[in-house]
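Here the structure comes first, spelled out in structure tokens, and everything after it is commentary.
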Amino acid sequence: MEPMRVAIVETSPEMHLAIAALLEGAADLRIVEHARSLPALSTAGPQVIDVLVADLRAVNSSPLALGRLRERHPGLRLVVTTENGGPDYQNAVARLAADGWVQKSRLAGLLVRTLRRLPR
């Protein structure tokens, strides 16, 4: 089975590096795009993306760019990273029709596992 093609959108360079390091260690996941914003990713090259790992603020601030990405990549799954897991965050994630979410303080233990549970 081919590796899942992942795009990362994260505004914090440190968090972006942490996410990339977690994913690079997994043979069944391949990072195909990096961006600091959804608009930048939505205008990126023709690379096919299976799943988008994105910061909640980045997704909430660019609903049109998210819509364009979903049009360009039918079946795109969205996993949102959040600062905390309170009800307001969970409601925001639900409004985005995200396939999953991971609290940033728990990325090391949950991100790869969350991605592997997504349907292929």
Side-chain angles (χ1 to χ4, degrees):
M1 183 178 285
E2 293 231 0
M4 186 179 291
R5 297 163 293 204
V6 181
I8 302 169
V9 173
E10 175 58 58
T11 57
S12 161
E14 295 82 11
M15 187 58 63
H16 195 112
L17 288 172
I19 292 169
L22 289 169
L23 301 183
E24 287 169 353
D28 55 338
L29 303 169
R30 188 176 87 220
I31 300 169
V32 295
E33 294 285 350
H34 295 268
R36 290 182 58 106
S37 71
L38 275 180
L41 181 64
S42 70
T43 60
Q47 190 71 262
V48 174
I49 301 169
D50 298 315
V51 63
L52 170 62
V53 175
D55 175 74
L56 178 61
R57 287 171 295 187
V59 178
N60 273 340
S61 67
S62 303
L64 292 175
L66 180 61
R68 283 194 300 271
L69 280 169
R70 285 181 162 155
E71 287 174 8
R72 277 184 54 201
H73 304 280
L76 178 73
R77 271 105 51 220
L78 172 63
V79 173
V80 177
T81 60
T82 67
E83 288 297 327
N84 85 46
D88 291 341
Y89 287 85
Q90 292 175 33
N91 291 335
V93 169
R95 282 192 303 275
L96 293 167
D99 299 281
W101 66 278
V102 180
Q103 193 172 336
K104 289 184 179 184
S105 64
R106 302 186 67 207
L107 281 174
L110 293 176
L111 182 59
V112 171
R113 195 172 357 164
T114 299
L115 293 174
R116 287 178 175 154
R117 287 184 180 154
L118 295 175
R120 290 210 179 232

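Values below: all heavy atoms of this structure, side chains included; hydrogens, waters and symmetry mates excluded.
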Could you state the interatomic distance from CD (E83) to CG (D55), rounded to the nearest 0.5 Å? 7.0 Å
Could you state whether L110 and I31 fall into the same hydrophobic cluster, counting links through intermediate Ile, Leu, Val, Met, Phe, Trp or Tyr residues with side-chain heavy atoms under 4.5 angstrom apart? yes
Just verifying a value: how many Å separate L76 CG and D50 CG, rounded to the nearest 0.5 Å? 8.5 Å
Do you know which two heavy atoms are closest between L41 and A7, and how far apart they sit? CD2-CB, 3.9 Å
Whether the side chain of R30 engages the backbone of D28 through a donor-acceptor N/O pair (distance < 3.5 Å, no angle test) should be reported. no
Same hydrophobic cluster for M4 and V9, using side-chain heavy-atom links shorter than 4.5 Å among ILVMFWY? no
ILVMFWY cluster, V102 and V53 together (side-chain gap under 4.5 Å): yes
Under a 4.5 Å cut-off applied to non-hydrogen side-chain atoms, are L78 and L66 in contact? yes
Verdict with reasoning, R72 to I49, per side-chain contact (heavy atoms from CB on, under 4.5 Å): CA-CA 9 Å; R72 277 184 54 201; I49 301 169; over 6 Å; no
Please find the pair of heavy atoms, one from A20 and one from H34, that lie closest to each other, and give the distance. CB-CE1, 4.1 Å
Over 12 non-hydrogen atoms of neighbours within 6.0 angstrom of CZ in R116: yes
Flag side-chain contact, heavy atom, 4.5 Å: V32 against V48: no
Any idea which heavy atoms bring V80 and A98 closest together, and the distance? CG2-CB, 3.8 Å
Hydrophobic cluster membership, with links at side-chain heavy-atom distances under 4.5 Å among I/L/V/M/F/W/Y: are I8 and L17 in one? no
When every non-hydrogen atom of V59 is compared with those of A54, the smallest separation belongs to CG2-CB, 3.4 Å
Any side-chain heavy atom of L115 within less than 4.5 Å of one from L23? yes
Distance in Å, E24 CD paired with L29 CG, rounded so as to fall on 0.5 Å steps: 11.0 Å
Checking R57, H16, K104 against E10 for side-chain hydrogen bond (donor to acceptor under 3.5 Å, both in side chains), the one that qualifies is K104
Given side-chain contact (heavy atoms from CB on, under 4.5 Å), test L38 with L64 step by step and report yes or no. CA-CA 9 Å; L38 275 180; L64 292 175; over 6 Å; no
Smallest heavy-atom separation, A35 atom then A40 atom, equals CB-CB, 4.4 Å
Quick one: do V6 and V79 end up in the same hydrophobic cluster if we chain Ile, Leu, Val, Met, Phe, Trp and Tyr together by side-chain heavy atoms under 4.5 Å apart? yes
Give the minimum heavy-atom separation between L22 and V112, together with the two atoms involved. O-CG2, 3.7 Å
